[in-house]
Amino acid sequence: MELNSSNGVLSDKIPAGPISEKWTDYKAHIPLVAPQNKRRLEIIVVGTGLAGASAAASLGELGYNVKCFTFHDSPRRAHSIAAQGGINAAKNYANDGDSIFRLFYDTIKGGDYRAREGNVHRMAEVSVNIIDQCVAQGVPFARDYGGLLENRSFGGVQVSRTFYARGQTGQQLLIGAYQALERQISLGSVQMYNRHEMMDIVMIDGKARGIIARNLVNGKLERFGAHCVVLATGGYGNVFYLSTNAMGSNVSAAWKAVKRGALMANPCFTQIHPTCIPVSGDYQSKLTLMSESLRNDGRVWVPKKMEDVQAIRTRKIKPSDVKEEDRDYYLERMYPSFGNLVPRDVASRAAKKVCDEGRGVNATGLAVFLDFSSAIQRFGKSQANVKGIHTPDAATITKLGEAVVSEKYGNLFEMYEKIVGEDPYKQPMMIYPAIHYTMGGLWVDYNLETNIPGLFALGECNFSDHGANRLGASALMQGLADGYFVIPYTIGTFLSKEIRTPNTNTNHQAFDQVQKDVEDRINHLLSVKGNQSVESLHRALGKIMWEYCGMARNAEGLKHAREEIRKLRDTFWKDVFVPGTANEFNPELDKANRVADFMELGEMMVVDALERNESCGGHFREEYQDAEGEALRRDDLYAYVAAWAWNDSDVQVTKEPLKFENVELKSRSYK
Amino acid sequence: MKLNLKIWRQPNSQANGKLENYNVEANEHMSFLEMIDVLNEDLVAKKQDPVAFDHDCREGICGACSMVINGQPHGPLPGTTTCQVHMRHFKDGDTITVEPFRANSFPVVKDLVVDRSAFDRIIQAGGYISVNTGQAPDGNALPVNRDDASKAFDAAACIGCGACVAACPNASAMLFTSAKIAHLGLLPQGKIEARTRVKNMVEQMDKEGFGKCTNTYACEAECPKGISVENIARMNREYFKAVFAGE
């Protein structure tokens, strides 16, 4: 196989030149594909979230023949839809000193210096175009009274650069991309395959030339050929079973690429989001995120005294009964300059710390408060002033304040009340960290091409922009940057060399072989006929991952986890029960296919976490912390991307050193 | 809490379906779908075929879940998708009937899963603004009145679940279609194609076999996102304007 690397050294293909000119200069020299050739070239796009839908639409607009796949019943269901808070862009509309460089700098720093400078700067550059594009598509962003776009601030930064559409930014952006995609479908440039799940990648002469997809309605395997394949299949947070990801989110497409020789970069870099609704019982199927934007106005606290903790847990007192001086606003105490707006990894670890001290506020001891009472008072007083009420009584202030909070966060408050059954206007919300996003993903170069020629990865599916920790409102930015403004250019580096290549013949023996592999695996899953449900095995895997590879990790635990995962994988293949047959609508079989891949990915994550003997971003190794318990990065040894190959449980790493030419590596402080 | 469930079971789109009885032990903190998960785990343990249902985000935004619970799409609570209904709204001993969204234009795929691709085809007919990537002017080049943007958002909040169709005695898709027409038509960027959009989308809606609107407002009552029937009135006005004004 021809790899995009020589002598085992991965080439990032970052162009030379000053950081601010790299992309402009590179774009000017990317080989073009003439319109008449574009019409002949075929591209497969798997996934229809922000990255996939925007890529498929944009490539279709350019004139390529696109085949687009989703396992959902409609492209609009992709999990990007659930993103709440917003999307960053270096527009500096707020006139508060933002710039492309500052967004670049904040992202590199926020990622704890484990992301590539070149890719991140490009994302910051195109961020401004994304907003323009979305506005033109009719995305109803929040606006001020003058009709101009409004911004808010988000964790880990000190400027207001986040554009938002109430608490449903992901939904609105995805609908924008979905509509652009549907337009291309109606024009015939994109062929859409709903309820089709990619089962494997077909490679011919070392290049990605097609996929085998399973029609989920009738179970039939179908062959699709193309000149290249683009994966935009999201992250793998569901390896933890409980996460804020949708139930269907899975690693399988990316994992199939790994099994065919692609490398998985930094798989242990997973993000734990600090503000999720706490776990309430064993039957729980998923966790619900409360947008980080809530930390703009909400204050995080736990009681100082253990007797208050006990009284709250046993419901003898209400949280609002705890006196101000008996509350520990621990983020404000520990990080005075960023306060409640510290980045996600820092906020999550702080919550774990106070809960480990025994100060968690619900029955399980795993929850902290997010309190809006101060904000309600502050907004109420300001509104009373606006309305000319100069000596407002307490009830008026509360009423006016609640109205402001409702306008900003109403849908989130409603969602909380629906799930928990308590009114967050009256009592503080209870929150706890949960798995939310995976920074790791398929290794890609500057072209977003994996080490397999002709195989590209976009959005959360790749590893490229967030280092060891993603900043809030940057996932939407990356997905759309990759899909709208990067891949339409960089795909030319590959396709310009393919203009003489005829359309892929799906009767090629490579398709026969891969289809047989897929059939064998499905038959294997169905033939085990054991006694354990897919769900229970997945839950068991999640417990191992969360316990040993979650918010805090150590060498001993990780070694143990590797053994446990291997045993569990063994059990899975010996004792799983998958009902039904291969030739029907069979959601249990779909799930079994996905969980089987998680069983392998989990092991790779644990090995990656074990090899990285430092703490950085979301990866906190207990052995590497300073006297105050802050993460201890080891730049001299670990400033590299760990790109892993999988060979039947034997994992090998290739290291791509990270070069920092524009940002000085500092210890990340939010104090 | 012990519950008696009557669930629609139908092996595929061709076969006939029927309601089957099941017992399940739930607790009040579970979501409705988690209660179905418990039932399914039980069925799998007995080597029986679990109940197929569409679901994904489980936080009320993807629009995948689609059950008719005791005759109401998405169940008894206003402004709520099936996945957000919690069992504390039911009582020990309750009998609950669960059926798929019913409409000729939404054929059953299996059990509670229906095919809603007709909605995608309505969007394909014109539910977009024709702007290619890279053509857009600066985001602030065209100010948008705050109230218009807010109303556009209210319509754009539609999650495309199809509860409006399932609730309507005529299985009409007017609420879904009109919400998209309002979302785009209220914004200056979307006004340019307003006439062709409304004509083409209404035509496609009819072609898909959805029924007509007879103003029962069941759609608005059952919509989990509170989409207003005012959108339908707006669509009708735009439609007549487009038809009578000609090209």
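Here is the naming used below: chain letters follow the sequence lines, and residue numbers restart at 1 for every chain.
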**Q** Quick one: which of Gly580(A), Ser249(A), Pro579(A), Ala136(A) has the most heavy-atom pairs under 4.5 Å with chain B, could you say?
**A** Ala136(A)
**Q** Checking heavy atoms, do the side chain of Leu149(A), its backbone, both or neither come under 4.5 Å from chain B?
**A** both
**Q** Which atoms of Asn194(A) are under 4.5 Å from chain B, going by heavy atoms: the side chain, the backbone, both sets, or neither?
**A**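 Contact with chain B: side chain only.
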**Q** With a 4.5 angstrom heavy-atom cut-off, is it the side chain or the backbone of Pro140(A) that approaches chain B, or both, or neither?
**A** both
**Q** Assess the residue pair Glu34(B) and Gln284(A) against the criterion (side-chain contact (heavy atoms from CB on, under 4.5 Å)); give the C-alpha distance rounded to whole Å, side-chain angles, the decisive distance to 0.1 Å, and a yes or no.
**A** CA-CA 7 Å; Glu34(B) 284 167 350; Gln284(A) 195 140 356; 3.9 Å; yes
**Q** For Leu142(B), is it the side chain, the backbone, both or neither that has a heavy atom under 4.5 Å from a heavy atom of chain A?
**A** backbone
**Q** Report the C-alpha distance between Ser536(A) and Glu41(B) in whole Å, list the side-chain angles of each, state the deciding distance to 0.1 Å, and finish with yes or no for side-chain hydrogen bond (donor to acceptor under 3.5 Å, both in side chains).
**A** CA-CA 9 Å; Ser536(A) 63; Glu41(B) 279 238 47; 5.0 Å; no
**Q** Give me the atom names and distance for the closest heavy-atom approach of Tyr283(A) to Val38(B).
**A** CB-CG2, 4.3 Å
**Q** Strictly by modelled atom types, are His72(A) and Asp56(B) linked by a side-chain donor-acceptor pair under 3.5 Å?
**A**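 Yes - a donor-acceptor pair under 3.5 Å links their side chains.
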**Q** Among Ala165(A), Ala142(A), Ala78(A), which residue has the highest count of heavy-atom pairs closer than 4.5 Å to chain B?
**A** Ala165(A)
**Q** Between Arg183(A) and Val131(B), is there a side-chain heavy-atom distance shorter than 4.5 Å?
**A** no
**Q** Restricting to non-hydrogen atoms, name the atom on Gln189(B) and the atom on Val135(A) that form the minimum distance, rounded to 0.1 Å.
**A** NE2-CG1, 3.4 Å
**Q** Which one, Val113(B), Asn140(B), Val85(B), Leu33(B), leads in non-hydrogen pairs under 4.5 Å with chain A?
**A** Asn140(B)
**Q** Would the distance check show the side chain of Glu61(A) and the main-chain N or O of Thr133(B) forming a donor-acceptor pair, the cut-off being under 3.5 Å?
**A**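 Yes; judged by distance alone, with no hydrogens or angles, the pair exists.
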**Q** Where does Asp144(A) contact chain B at under 4.5 Å (heavy atoms): side chain, backbone, both or neither?
**A** backbone
**Q** Is it the side chain or the backbone of Tyr93(A) that comes within 4.5 Å of chain B heavy atoms, both, or neither?
**A**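 Side chain only.
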**Q** Using 0.5 Å steps for rounding, measure from the CD atom of Gln137(A) to the CG atom of Leu187(B).
**A**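 The distance works out to 12.0 Å.
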**Q** Roughly how far, to the nearest 0.5 Å, is the SG atom of Cys83(B) from the CD1 atom of Ile419(A)?
**A** 8.5 Å
**Q** Side chains of Lys47(B) and Asn531(A): is there a donor and an acceptor less than 3.5 Å apart?
**A**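 Asn531(A) and Lys47(B) do have a side-chain donor-acceptor pair below 3.5 Å.
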**Q** Among Ala156(B), Ala149(B), Gly190(B), who wins on heavy-atom pairs under 4.5 Å with chain A?
**A**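 Option with the top pair count is Ala156(B).
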**Q** Is it true that Ser74(A) and Arg116(B) share a donor-acceptor pair across their side chains at a distance under 3.5 Å?
**A**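 Distance-only check fails for Arg116(B) and Ser74(A).
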**Q** Just wondering, more than 12 heavy atoms not from Tyr489(A) lying within 6.0 Å of its OH?
**A**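 Counting other residues, nucleotides and ligands, OH of Tyr489(A) stays at 12 neighbours or fewer.
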**Q** For Asn132(B) and Gln133(A), work out which heavy atoms get closest and say how close.
**A**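 So the two residues come closest at O-NE2, 3.4 Å.
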**Q** I'd like to check Ile175(A) versus Lys180(B) (side-chain heavy atoms, cut-off strictly below 4.5 Å). Are they in contact?
**A** yes
**Q** For a quick test of reading the model, state the closest non-hydrogen atom pair linking Val44(B) to Ser533(A) and the distance between them.
**A** CG1-CB, 3.9 Å
**Q** Of the listed residues (Gln172(A), Met415(A), Gln532(A)), which shares the most heavy-atom pairs with chain B below a 4.5 Å separation?
**A** Gln172(A)
**Q** Determine, stepwise, if the pair Tyr178(A) / Ile123(B) fulfils side-chain contact (heavy atoms from CB on, under 4.5 Å).
**A** CA-CA 9 Å; Tyr178(A) 158 76; Ile123(B) 298 297; 3.6 Å; yes
**Q** Contact part of Lys529(A) toward chain B, heavy-atom cut-off under 4.5 Å: side chain, backbone, both or neither?
**A**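 Backbone only.
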**Q** Measure the spacing between NZ of Lys225(B) and CD of Gln168(A) and express it to the nearest 0.5 Å.
**A** 6.5 Å
**Q** If you count heavy-atom pairs under 4.5 Å with chain A, which of Ala125(B), Cys158(B), Ser130(B) comes out on top?
**A** Ser130(B)
**Q** Any donor-acceptor pair under 3.5 Å linking the side-chain atoms of Arg166(A) with those of Ser150(B)?
**A** yes
**Q** Any carboxylate oxygen within less than 4.0 angstrom of a Lys/Arg side-chain nitrogen, looking at Arg195(A) and Asp54(B)?
**A**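 Judged by the 4.0 Å cut-off on N to carboxylate O distance, Arg195(A) and Asp54(B) do form a salt bridge.
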**Q** Looking at Pro488(A), Ser285(A), Gly176(A), which has the largest count of heavy-atom pairs under 4.5 Å with chain B?
**A** Ser285(A)
**Q** Find the distance between CD1 (Ile185(A)) and CG (Asp120(B)) and round it off to the nearest 0.5 Å.
**A** 7.0 Å
**Q** So which residue, His29(B), Met30(B), Gln84(B), ends up with the most heavy-atom pairs under 4.5 Å with chain A?
**A** Met30(B)
**Q** Can you tell which part of Thr80(B) gets under 4.5 Å to a heavy atom of chain A, answering side chain, backbone, both or neither?
**A**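 For Thr80(B), backbone and side chain are both near chain A.
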**Q** Given that the side chain runs from C-beta out, which part of His183(B) has a heavy atom under 4.5 Å from chain A: side chain, backbone, both or neither?
**A**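 Contact with chain A: side chain only.
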**Q** Among Lys110(B), His86(B), Glu28(B), which residue forms the greatest number of heavy-atom pairs with chain A at distances under 4.5 Å?
**A** His86(B)
**Q** Could you tell me whether Arg146(B) and Glu407(A) make a salt bridge, using a distance below 4.0 angstrom between a side-chain N and a carboxylate O?
**A**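 Result for this pair is yes, salt bridge flagged.
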**Q** So how far is it from Ser280(A) OG to Asn27(B) CG, rounded to the nearest 0.5 Å?
**A**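 Rounded to the nearest 0.5 Å, the OG-CG separation comes to 7.5 Å.
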**Q** Which one of Ala152(B), Gly126(B), Gly160(B) has the most heavy-atom pairs closer than 4.5 Å to chain A?
**A** Gly160(B)
**Q** Examine whether an atom of Glu588(A) lies under 4.5 Å from a heavy atom of chain B, and if so say whether it belongs to the side chain, the backbone or both; otherwise answer neither.
**A** side chain
**Q** Top residue by heavy-atom pair count (under 4.5 Å) with chain B, among Gly421(A), Ala180(A), Gly281(A)?
**A**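 Most pairs with chain B among the choices: Gly421(A).
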**Q** Taking the basic N atoms (NZ, or NE/NH1/NH2) and the acidic carboxylate oxygens, is any pair closer than 4.0 Å for Glu59(B) and Lys418(A)?
**A**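 No.
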**Q** Around Glu230(B), counting heavy atoms of other residues, nucleotides and ligands shown, do more than 12 lie under 6.0 Å from its CD?
**A**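 Count not over threshold, so no.
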**Q** Go through it in stages, so that I can follow the logic: the residues are Asn12(B) and Glu584(A), the test is side-chain contact (heavy atoms from CB on, under 4.5 Å), and I'd like the CA-CA distance, side-chain angles, deciding distance and then a yes or no.
**A** CA-CA 8 Å; Asn12(B) 55 57; Glu584(A) 62 177 332; over 6 Å; no
**Q** Does any heavy atom of chain A fall under 4.5 Å from the side chain of Arg58(B), the backbone, both, or neither of them?
**A**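 When you check distances to chain A, atoms from both the backbone and side chain of Arg58(B) fall under 4.5 Å.
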**Q** Is there side-chain contact between Pro587(A) and Phe53(B), with at least one heavy-atom pair below 4.5 Å?
**A**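 In short, these two side chains do not touch, never coming nearer than 4.5 Å.
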**Q** Need one label for Leu287(A): side chain, backbone, both or neither, based on atoms under 4.5 Å from any heavy atom in chain B.
**A** backbone
**Q** By a 4.5 Å heavy-atom criterion (distance strictly below it), what part of Val144(B) contacts chain A: side chain, backbone, both, or neither?
**A** both
**Q** Looking at Arg143(A) and Asp148(B), is any side-chain nitrogen of the basic one under 4.0 Å from a carboxylate oxygen of the acidic one?
**A** no
**Q** Taking side chain as everything from C-beta outward and backbone as N, CA, C, O, which of these in Val578(A) sits under 4.5 Å from a heavy atom of chain B? Side chain, backbone, both or neither.
**A**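 When you check distances to chain B, no heavy atom of Val578(A) falls under 4.5 Å.
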**Q** Say you draw a straight line from CZ of Phe119(B) to CD of Glu182(A); how long is it, rounded to the nearest 0.5 Å?
**A** 13.0 Å
